[in-house]
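Contents: one structure, followed by commentary.
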Number of protein chains: 2
Amino acid sequence: MRITYKTDYALKALLDLAIHYETGVSTINDISRRIDAPVKFMEQVLLDLKKGGFVGSKRGNAGGYSLANEPSKISLGQVVRYIEGPIEPISCVEKGYTNCSDLSRCLFREIWRKVSKATSDIIDNVTFGDLVEQINSKGEGFTYSI
Amino acid sequence: MRITYKTDYALKALLDLAIHYETGVSTINDISRRIDAPVKFMEQVLLDLKKGGFVGSKRGNAGGYSLANEPSKISLGQVVRYIEGPIEPISCVEKGYTNCSDLSRCLFREIWRKVSKATSDIIDNVTFGDLVEQINSKGEGFTYSI
DNA sequence: TCCTTGTCTACTATCTCTATAAACATAGTA
DNA sequence: TACTATGTTTATAGAGATAGTAGACAAGGA
C-alpha cells in the first residue's frame with residue numbers, strides 16, 4: 001500500500017512552491033536542494049507536474065517554476081491521482097470496471113471501496129493552502145522540514 | 001495505492017476455506033479452481049499463508065489445506081499486513097522510524113498517518129467469519145463469486 | 001555572444017510481480 | 001511393496017515499475 005518516491009517528491013515540491021508562492025519562480029536546483037531530492041529526478045517530476053497543470057515554468061535566465069494556481073485551489077488528492085494513479089486498491093473498484101463475472105456478489109469489492117473512499121476523504125480535503133496556513137500559524141522562525 | 005494479486009488471491013483463498021470450514025481439507029487444485037487462480041501461484045500463496053499461521057496442511061493422499069483458526073478469529077487486516085506488507089503509505093509513518101531529520105515538523109506524515117489509520121480501521125474490523133455470515137444471510141441457493 | 005535555465009530523449013541498474021517448472025517428501029491404498 | 005495423490009522446496013524467467021543518471025538541445029536575458 002505504498003506511494004512512490006515520485007509522488008512524495010511531487011507533493012513536497014508543490015508545498016515548497018506554495019510556501020514561496022509570493023516570491024516568484026524557483027529553479028529546479030533550489031527546489032531540489034530545499035526538499036532534498038535528486039536534481040535530475042526532480043526535472044522529470046516537475047515536467048510531469050507541468051503536464052498536469054499544477055505548475056508553470058519560465059525558461060532562460062532568471063527562469064524557474066511556480067504554482068499554476070493558488071495553493072488553496074490544489075488538493076493533495078489531485079496530485080496523488082495524477083502522479084501515482086488511481087486511489088483504488090484493486091481495479092474492480094474503479095468506475096466503469098466491468099470485467100468481474102458478478103460484481104454485486106463480490107464481498108471484497110465492498111471492503112476496498114470503503115478503503116478507497118476513506119483515503120479520498122482525507123487527501124481530497126487538504127489543500128496546499130491549508131498546509132501553508134498550518135506552517136504560518138506556528139509563528140515566525142519556525143522552519144519546517146519538508 | 002494498489003494491492004497485489006498475491007494478496008487478492010490470499011484473501012479469496014481464505015474466504016474459500018472459511019466457507020468450507022466444516023467440510024475438511026481442500027486441495028490446492030480445488031481452491032484454485034473455485035477462486036479462479038493459477039495453481040502453481042496458489043501453491044506459493046498457500047505456503048506463505050501456512051508460514052503466517054493462517055492455514056494448516058495435510059500431506060499425501062486425501063491431504064489439503066484448511067483454516068488454522070475459526071473464521072471469526074482471522075481479520076482481513078492480519079492477512080493483508082502479512083502478505084502485502086505495511087499498511088502505511090510511506091515508511092516514515094511506521095512505528096519506530098527515526099530517519100527523518102525532524103518528524104514533528106513534517107506535515108505530510110500526519111496526512112499519511114490518517115490514511116493509514118482509516119484503512120486499518122476498516123480491514124482490521126472485518127473477519128472471515130463476518131464474510132461467511134454475510135453470504136449465509138443471503139439465503140440458500142445464492143452463490144457468491146469470490 | 002555567453003550564461004543560465006528549462007526540455008526532451010535515452011539509458012540503466014535494481015527490484016517486484018506474476019507466474020512456471022522440476023525435483024522431492026509424505027501419506028494413504030491396492 | 002508399488003503406486004498415486006498430494007503438499008514442499010528451490011530455481012527460473014519475462015514483463016513491468018522504480019529510481020535514478022547522462023547528454024544534447026532550446027529559450028531567454030545580460
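Numbered from 1 within each chain, the chains take letters A, B, ... in sequence-line order.
A donor-acceptor contact shorter than 3.5 Å is absent between the side chain of B/Asp124 and the backbone of B/Asp121.
Counting non-hydrogen atoms under 4.0 angstrom, B/Leu46 reaches nothing in the nucleic acid. Here B/Tyr5 lies in heavy-atom contact (under 4.0 Å) with sugar-phosphate atoms only. Within the 4.0 angstrom heavy-atom criterion, only backbone atoms of the sugar-phosphate kind lie near B/Ser26; the bases stay farther away. Contact annotation for A/Lys50: backbone-only contact, meaning every heavy-atom pair under 4.0 Å involves sugar-phosphate atoms and none involves a base.
Of the charged side-chain nitrogens involved, none lies within less than 4.0 Å of a carboxylate oxygen, so that B/Glu70 and B/Lys73 do not count as a salt-bridged pair. A/Lys6 and A/Asp48 are joined by a salt bridge, as a carboxylate oxygen and a charged side-chain nitrogen come within less than 4.0 angstrom of each other. Ionic pairing of A/Asp8 and A/Lys12 is present here: one or more N-O contacts between side-chain nitrogen and carboxylate oxygen are shorter than 4.0 angstrom.
Residue A/Ile19 is tested with A/Leu14, A/Leu131, A/Ile135 for a side chain to side chain contact (heavy atoms under 4.5 Å, CB included); the sole match is A/Ile135.
Axis angle between the ends of the helix from C/dT1-D/dA30 to C/dA30-D/dT1, five pairs each and rounded to 10 degrees, works out to 10°.
Environment of CD in B/Glu43: crowded, with over 12 heavy atoms of neighbouring residues, nucleotides or ligands closer than 6.0 Å.
The 5' end of DNA chain C is approached more closely, in terms of each residue's nearest nucleotide, by A/Gly60 than by the other of B/Thr4 and A/Gly60. Mapping B/Gln44 and B/Lys40 onto DNA chain D by nearest heavy atom places B/Lys40 at the nucleotide closer to the 5' end. Both B/Asn61 and A/Arg59 lie close to DNA chain C; mapped to their nearest nucleotides by heavy-atom distance, the more 5′-ward contact belongs to A/Arg59.
With contacts defined as side-chain heavy-atom distances shorter than 4.5 Å, the pair A/Val79/A/Leu49 qualifies. With contacts defined as side-chain heavy-atom distances shorter than 4.5 Å, the pair B/Asp130/B/Ser72 does not qualify. Side-chain atoms of B/Leu11 and B/Val80, non-hydrogen and from C-beta on, do get closer than 4.5 Å to each other.
Linking Ile, Leu, Val, Met, Phe, Trp and Tyr whenever their side-chain heavy atoms come within less than 4.5 Å leaves A/Ile31 and A/Val25 in two separate clusters.
Reading DNA chain D from its 5' end, the first and the last nucleotide to sit under 4.0 Å from a heavy atom of chain A are D/dT18 to D/dG29. Counting 5' to 3', DNA chain C first comes under 4.0 angstrom of a heavy atom of chain A and last does so at the ends given by C/dT4 to C/dA10.
B/Tyr65 OH to B/Phe54 CZ: the interatomic distance, rounded to the nearest 0.5 Å, is 14.5 Å.
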